[in-house]
Amino acid sequence: MSQTIEGPVRVRFAPSPTGFLHVGGARTAIYNDLLRQSAGGAFVLRIEDTDRQRSDEAMTRQIQSALAWIGTAWDEGPFLQSERLARHRERGEELLASGRAYRCFCTTEQLDAQRAAAQKRGVAFRYPGTCRDLAAAEVAARVAGGEPFAVRFRMPDENIRFHDLVRGDMDFPPDALDDFILLRSDGSPTYHMSVVCDDIDMRITHVIRGEDHLSNTPKHIPLFQALGGQVPVFGHLPLILGTDKKRLSKRSGATSVEEFRAEGILPQALYNYLALLGWSPGGDREILSRDEMIALFSVDRLNASPAVFDREKLTWVNAQYLSSLPLADLLPHLRPFLAEVGLAGGGGAGGGGAAGPGAADRGAAGGSQASSRAEIEVDAARLAAAIELHRGRVRTLKELAAVVAPYFRDRLDYEPEAIARFAGDPELPAHLAALRDRLAGLPVFAKEAIETELRSVAGERAIKAGALIHPTRTALSGSQVGPPLFDLVEVMGREATLRHLDHLVERLRQPAAAPQAQPAAQPAPR
């Protein structure tokens, strides 16, 4: 039941602009992209906006932005289906002329009554063909009298069989199908008329789409044939389920691509994760480059079983990319999140200035928005060092921006738990002040010398090194956890380290170390 396709592979992604691009649509676009890339050919983007009441031009732009961000680049389009309505009507008239379609004068009230009767009998409603065999003279008279009509397709009385790339051989008997509407009474085309007409004109060879369209395919195949078009190869992707094994919902992860972007997920990570959410490249590898996925992709490895979307697994994949991407590739995606925490610049670290790709991302809908406070211009070398120190310890770009921000701020917000913990030692401010003075006198501010000096101060003051290590980490990061302290101090630099130690000493010397409001971030002294 397989079929041979003539010519190069041509795939299409045809979303409806009635909402944001979600993970199911993004995965469909990715599989079309991988098929086009692996087999050669073209990727067509078509916006199916014929539902004028629900379609939104802003959503059309959002979908294009999301597709471009995730890395599914189309070769042709975007084509707006609404601009091709005349062509759809023209082809509908051709079917009328050839006898493959007919005029249906049944009213909405008549059809609703028949539908209700079928429901009462417990059977699915199927158009009974009331107007299928009307005499030509009667049809002409009713049209001349101004009676409204729709145009229905005359389905063949035979089984519709095809091979689905995902589900295998499919067979639909005639009694499962009815004569469907091509043109409504106002002359507007239905989805079936528009999509088949467009697929023919755009020479689509492979239609990879969600399984919710499976019931449309036995209607579309005879329509392709009636219009003289090449029938594409079809593949219907199964649903994506949440971890509760129910249909993916907002609560279980049905988040738009733009929301993942705003949360700090890298596009490379999302592409990788969604590609493997229903496709097996073989082996047990979970992190693959785009080139590797293209080389390994084949439609016979698409799974027919529903896939489970696991947000934790996506975050894990994102962490792998955060830790391994070259800095030049990471920075454009990180800059909008740096802006969120009040940092700007750093373009010299890995190439590209602050006005590069990241700057454009700041204004993208669904992406990170720049902070309203004045931005601190960051030193590129220190930013690069801070990123390298922390990138293996965070899971999102948002987290990475948050942990590098202390390297450039004059004052930090301390975790209340840390202050409460250290406030119980009345000698700690003096210990930290002593450490501060010794670090100030170091001829070389390197981590080996910093560690030696801290342990020396601890020994002289008859305390454990940890009694200085833990509060010093809080002084420099605001947190009780983080990277190895001496790496942190070295990257922070002498001036910032001394300044942060002074501020924590000042804070601990306040009566009962009571919580206090922290001032807005200020640029560090030059």
Side-chain angles (χ1 to χ4, degrees), residues 20-31 66-67 69-72 239-281 284-290 292-293 303 306-327 329-341 358 361 364 366-369 386-405 415 477 479-483:
F20 291 95
L21 179 68
H22 285 72
V23 293
R27 184 186 66 165
T28 299
I30 286 170
Y31 288 155
L67 288 173
W69 175 76
I70 204 174
T72 52
L239 292 173
I240 298 178
L241 305 180
T243 52
D244 57 3
K245 302 301 174 67
K246 297 179 180 178
R247 185 163 186 159
L248 198 62
S249 64
K250 182 74 174 179
R251 181 177 57 83
S252 58
T255 304
S256 74
V257 168
E258 296 285 15
E259 286 180 87
F260 284 120
R261 180 182 186 179
E263 290 173 9
I265 300 296
L266 285 158
Q268 298 93 328
L270 187 58
Y271 191 106
N272 188 156
Y273 178 71
L274 292 180
L276 270 60
L277 202 64
W279 166 63
S280 173
D284 56 1
R285 292 181 59 192
E286 296 181 291
I287 307 298
L288 295 95
S289 69
R290 185 72 59 89
E292 289 173 320
M293 285 185 274
N303 299 325
V308 174
F309 182 88
D310 186 338
R311 184 179 284 267
E312 284 298 313
K313 186 61 174 290
L314 169 60
T315 306
W316 177 84
V317 171
N318 197 60
Q320 309 311 302
Y321 276 88
L322 278 173
S323 64
S324 62
L325 273 183
L327 188 59
D329 295 335
L330 181 63
L331 267 176
H333 301 293
L334 179 62
R335 287 194 188 102
F337 296 93
L338 294 176
E340 278 190 344
V341 296
D361 287 344
S368 304
Q369 300 299 317
I387 290 171
E388 293 300 338
L389 183 58
H390 290 277
R391 60 154 71 199
R393 297 177 172 85
V394 296
R395 304 191 306 168
T396 67
L397 292 164
K398 187 181 288 288
E399 292 177 5
L400 181 56
V403 295
V404 302
E415 291 179 349
S477 68
S479 173
Q480 299 182 73
V481 297

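Here the CG atom belonging to Asn272 is positioned 11.0 Å from the CG atom belonging to Leu277, to the nearest 0.5 angstrom. Atom CG of Leu314 is separated from atom CD1 of Ile265 by 4.5 Å, given to the nearest 0.5 angstrom. For the atom pair Lys398 NZ and Leu334 CG, the distance stands at 11.5 Å (nearest 0.5 Å). Summarising the geometry, atom OG belonging to Ser323 is positioned 11.5 Å from atom CZ belonging to Arg393; distances are rounded to the nearest 0.5 Å. The distance from the CD atom of Glu312 to the OG1 atom of Thr243 is 9.5 Å, given to the nearest 0.5 Å.
In this structure, Ala275 and Met293 approach most closely via the heavy-atom pair CB-SD, 3.7 Å. In plain terms, the two heavy atoms of Leu21 and Ala66 that are nearest each other are CD2-CB, 3.8 Å. When all heavy atoms of Val341 and Ala405 are compared, the closest pair comes out as CG2-CB, 4.0 Å. The nearest pair of heavy atoms linking Tyr31 to Gly278 is OH-C, 3.3 Å. Summarising the geometry of Pro281 relative to Leu276, their closest heavy-atom pair is CD-CG, 4.3 Å, with the distance given to 0.1 Å. Contact detail for Asn318 and Gly264: the closest heavy-atom pair is ND2-O, 3.2 Å.
Qualifying side-chain contact (heavy atoms from CB on, under 4.5 Å) partners for Val394, counting only residues two or more places apart in sequence or in other chains: Leu322, Glu399, Leu400, Val403. Gln268 is linked by a side-chain contact (heavy atoms from CB on, under 4.5 Å) to Leu266, Tyr321, Leu325, His333, counting only residues two or more places apart in sequence or in another chain. Qualifying side-chain contact (heavy atoms from CB on, under 4.5 Å) partners for Ala402, counting only residues two or more places apart in sequence or in other chains: none. Residues that satisfy the side-chain contact (heavy atoms from CB on, under 4.5 Å) test with Pro306, not counting sequence neighbours, are Leu241. Glu286 is linked by a salt bridge (Lys or Arg N to Asp or Glu O under 4.0 Å) to Lys313, counting only residues two or more places apart in sequence or in another chain. The ring-ring contact (aromatic ring centres under 6.0 Å, His included) check on Tyr273 picks up Phe309, with sequence neighbours excluded.
A donor-acceptor pair is defined here as one N or O able to donate and one able to accept, closer than 3.5 Å; such a pair exists between the side chain of Arg290 and the backbone of Gly71. When atom types are taken as modelled, the side chain of Gln320 and the backbone of Trp316 share a donor-acceptor pair closer than 3.5 angstrom.
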Pair Leu239-Arg247, side-chain contact (heavy atoms from CB on, under 4.5 Å): steps then yes or no: CA-CA 7 Å; Leu239 292 173; Arg247 185 163 186 159; 3.8 Å; yes
Intermediate values then yes/no, side-chain contact (heavy atoms from CB on, under 4.5 Å), Lys245 and Val308: CA-CA 7 Å; Lys245 302 301 174 67; Val308 174; 3.6 Å; yes
Verdict with reasoning, Val23 to Phe260, per side-chain contact (heavy atoms from CB on, under 4.5 Å): CA-CA 10 Å; Val23 293; Phe260 284 120; 3.4 Å; yes
Check against side-chain contact (heavy atoms from CB on, under 4.5 Å), Tyr271 and Val317: CA-CA 10 Å; Tyr271 191 106; Val317 171; over 6 Å; no
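Residues His390 and Pro483 are in side-chain contact: their nearest non-hydrogen atoms beyond the backbone lie under 4.5 Å apart. Considering only heavy atoms from C-beta on, Phe20 stays 4.5 Å or farther from Val257 through its side chain. In this structure, the side chains of Arg261 and Leu270 stay at 4.5 Å or more apart for every pair of heavy atoms.
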